[in-house]
Q: 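Structure incoming, see below.
Residue numbering restarts at 1 for every chain, and letters A, B, ... go by the order of the sequence lines.
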Protein chains: 2
Amino acid sequence: MVFDKDDSAGYLANHMARLFAAALTRRIAPLGLMPGQFMVLLELWREDGLTQRDLVERLDVEQATMANTLNRMERDGLIMREPDAADRRARRVRLTARARALEAPATEAATEVNARALARLSPGDRARFPEMLQAVIAALRADR
Amino acid sequence: MVFDKDDSAGYLANHMARLFAAALTRRIAPLGLMPGQFMVLLELWREDGLTQRDLVERLDVEQATMANTLNRMERDGLIMREPDAADRRARRVRLTARARALEAPATEAATEVNARALARLSPGDRARFPEMLQAVIAALRADR
DNA sequence: CCATATTGCATAGCAGGCTATCCATATAAG
DNA sequence: CTTATATGGATAGCCTGCTATGCAATATGG
C-alpha cells in the first residue's frame with residue numbers, strides 16, 4: 001500500500017496552484033502586479049470602496065493575510081485607505097487611477113493563463129472543470 | 001465582459017490548494033508535521049538517501065525552497081544530512097526513526113483528506129479528477 | 001595540467017498563506 | 001450609564017513558495 005503523490009488530489013492541487021501562480025506572475029509582473037494583489041483587484045474592480053472585512057469574506061483568506069496584502073498594495077500605489085464615515089474602526093479601500101487602468105490588461109492575462117491551462121482537456125471536460133473544482137472546494141469548506 | 005473569479009480555473013486552483021493544505025495541516029500537525037515536510041517524506045519513504053537535487057526534481061520545487069524545508073526537517077528531527085561518498089558537494093538526506101514511524105499515520109491522514117475532498121463528485125468524476133489535474137499540470141509546465 | 005563551465009548547496013530577501021495577540025471602537029446587557 | 005462583549009484592524013512570527021547570489025567542488029575542453 002504505497003501512497004502515490006501523482007494520484008493524490010491534494011498533492012496535485014498544490015502543484016497545479018503553484019504552476020498557475022507562476023504562469024500568472026510571468027504575465028502580470030510587467031504590469032507591476034502580483035497574484036495576491038490581482039485577486040483583491042478583481043473584487044475592487046467589481047465594487048470599489050469595500051472594507052477589509054468585506055474582502056476577507058469574499059476571498060476567503062484570513063484577516064491578517066489581507067491586511068498585509070493591502071499594505072503592499074498601498075505601498076505600490078494601487079489602493080488608498082480612507083476612513084469610514086460611520087465606523088471609525090473601519091477603513092474603506094479605494095482604487096487609485098493606476099489600479100483602475102490595469103483592469104483590461106490584467107484580466108486578459110488571467111484569461112490567457114486559464115485558456116492555456118485547460119487546453120489539453122476535451123471541450124466537455126473543460127466546461128465542467130470549474131464546477132468540479134467548486135464541488136471540491138465546497139466539500140473541503142464543509143470539512144473545516 | 002466581467003472576469004468572474006468563481007469560474008476562473010486559476011483562482012479556484014489557489015482556493016482549493018489552500019483548503020487542502022488547511023485540511024491536511026489539521027490532521028498531521030498532531031504528528032509534528034507540516035504539509036511541505038509531508039511531501040518530502042513521501043519521496044523519502046519511497047527511497048531513502050536521496051540528495052537535495054533528487055528531491056527538487058521529483059517534487060518540482062526550487063532548490064532554495066527545498067534547502068529551507070530540509071533545514072526545518074533537520075531541526076525537527078525528521079532527517080539527517082550525511083556526506084555523499086563520491087561527491088563532496090552533495091549530501092544524502094536520511095530519515096530518522098521518528099520520520100519512518102510517521103509513514104502509516106501521515107499517509108492515512110492524507111488519504112482521508114482526499115476522500116473527503118472528492119466526496120461530492122460522482123464516482124465517475126472522482127476517478128477522472130486526478131487525470132484532469134495532471135493534464136492541466138502538463139499544460140502549464142509546457143507553457144513555462 | 002589548467003582554465004573554464006557546470007553542478008550542488010546555502011543564504012538573503014520578498015510574497016502570500018497561516019495562527020495568535022493586541023488595540024480601539026461599537027454594540028449589547030444590566 | 002457602565003460594564004462586558006463583539007468587531008475591525010494591525011502586528012509578530014512561522015511555513016512554503018519564489019528569484020538572485022555566492023561558494024565550493026566537480027567535470028570538461030584545450
Q: Rounded to whole Å, please give me the gap between CG in A:L70 and P in C:dG17.
A: 12 Å

Q: Please evaluate the base of C:dA15 for a donor-acceptor partner in the side chain of A:Q37 within a cut-off of under 3.5 Å?
A: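 Looking at the base of C:dA15, it does not pair with any donor or acceptor on the side chain of A:Q37 (distance under 3.5 Å).
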
Q: Please classify the nucleic acid contact of A:D87 as base, sugar-phosphate, or nothing, using heavy-atom distances under 4.0 Å.
A: sugar-phosphate

Q: Taking the nucleotide of DNA chain C with the nearest heavy atom to each, does A:A64 or A:M34 sit closer to the 5' end?
A: A:M34

Q: Could you check A:Q52 against B:A86 and say which one's nearest nucleotide on DNA chain D is further toward the 5' end?
A: A:Q52

Q: Please work out if A:T51 contacts a base, only the sugar-phosphate, or nothing of the nucleic acid, heavy-atom cut-off 4.0 Å.
A: sugar-phosphate

Q: State whether a side-chain donor-acceptor pair under 3.5 Å links B:D6 with A:Q134.
A: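 The answer is no; no qualifying pair exists.
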
Q: Examine distances only and state if a side-chain atom of B:R58 and a backbone atom of B:R53 form a donor-acceptor pair shorter than 3.5 Å.
A: no

Q: For C:dC9, take OP1 and OP2 only and decide whether either is under 4.0 Å from a side-chain N or O of B:R53.
A: no

Q: Apply the test side-chain hydrogen bond (donor to acceptor under 3.5 Å, both in side chains) to residues B:R81 and B:N71: give CA-CA distance (whole Å), side-chain angles for both, the deciding distance (0.1 Å), then the verdict.
A: CA-CA 10 Å; B:R81 281 139 144 173; B:N71 279 341; 2.7 Å; yes

Q: Would you kindly give the CE-to-C1' distance between B:M66 and C:dG8, to the nearest whole Å?
A: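 It works out to 14 Å between those atoms.
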
Q: At 4.0 Å (heavy atoms only), tell me whether A:R72 reaches a base, stays on the sugar-phosphate, or touches nothing.
A: base

Q: So if I apply the side chain to side chain contact (heavy atoms under 4.5 Å, CB included) rule between B:V93 and each of B:L70, B:D54, B:D48, B:T51, which one comes out positive?
A: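 Filter result, single survivor: B:L70.
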
Q: Within the structure shown, what part of the strands sits under 4.0 Å from B:M39 by heavy-atom distance: base, sugar-phosphate, or nothing?
A: sugar-phosphate

Q: Within the 4.0 Å heavy-atom criterion, would you say A:D54 contacts the bases, only the backbone, or no part of the nucleic acid?
A: nothing

Q: Which nucleotide in the list D:dT16, D:dA25, D:dA10 gets nearest to the side chain of B:P35?
A: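 It is D:dT16.
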
Q: Using the closest heavy atom to pick a nucleotide of DNA chain C for each, name whichever of A:E62 or A:R75 lands nearer the 5' end.
A: A:R75

Q: Please state how far atom CD in B:E57 lies from atom C1' in C:dC9, giving the value in whole angstrom units.
A: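 Going from CD in B:E57 over to C1' in C:dC9 covers 14 Å.
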
Q: Kindly compute the distance separating CD1 (B:I28) from OG1 (B:T107), expressed to the nearest 0.5 Å.
A: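 Nearest 0.5 Å value for the CD1-OG1 distance: 11.0 Å.
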
Q: Whole-Å distance between C:dC23 C1' and A:R91 CZ?
A: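 In whole Å, C:dC23 C1' lies 14 Å from A:R91 CZ.
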
Q: Rounded to whole angstrom units, what separation is found between the CD atom of B:Q63 and the P atom of D:dT21?
A: 15 Å

Q: Have a look at A:A67 and say if it touches a base, only the backbone sugar-phosphate, or nothing, with a 4.0 Å heavy-atom cut-off.
A: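 Counting heavy atoms under 4.0 Å across all strands, the contact made by A:A67 includes a base.
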
Q: Choose from D:dG17, D:dA10, C:dC18 the nucleotide whose nearest atom is closest to any side-chain atom of B:T65.
A: D:dG17

Q: So, A:N14 and B:R18: side-chain donor and acceptor under 3.5 Å apart, yes or no?
A: no

Q: In whole angstroms, how far is the P atom of D:dG17 from the CG atom of B:L140?
A: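 Taking CG of B:L140 and P of D:dG17, I get 17 Å after rounding.
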
Q: What's A:R81 touching, base or sugar-phosphate or nothing? Going by heavy atoms closer than 4.0 Å.
A: sugar-phosphate

Q: Expressed in angstrom and rounded to an integer, what is the separation of B:N14 atom CG from D:dT16 atom C1'?
A: 13 Å

Q: Please give, in whole Å, the distance from C:dG16 P to A:L78 CG?
A: 11 Å

Q: Can you tell which of C:dG17, D:dT11, D:dT26 lies closest to the side chain of A:N71?
A: D:dT11

Q: It should be established whether B:R89 places a side-chain nitrogen or oxygen under 4.0 Å from OP1 or OP2 of nucleotide C:dT6.
A: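 So the side-chain polar atoms of B:R89 never come under 4.0 Å of the phosphate oxygens OP1 or OP2 of C:dT6.
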
Q: When all nucleic acid strands are considered with a 4.0 Å heavy-atom cut-off, which category describes A:R26: base, sugar-phosphate, or nothing?
A: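 Contact class for A:R26: none.
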
Q: Which of these nucleotides, C:dA10, D:dG13, D:dC18, is closest to any side-chain atom of B:N68?
A: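 It is D:dC18.
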
Q: Quick one: is A:R18 getting a side-chain N or O under 4.0 Å of the D:dC18 phosphate, OP1 or OP2?
A: yes

Q: A:T96 side chain to A:L78 main-chain N or O, any donor-acceptor pair under 3.5 Å?
A: yes

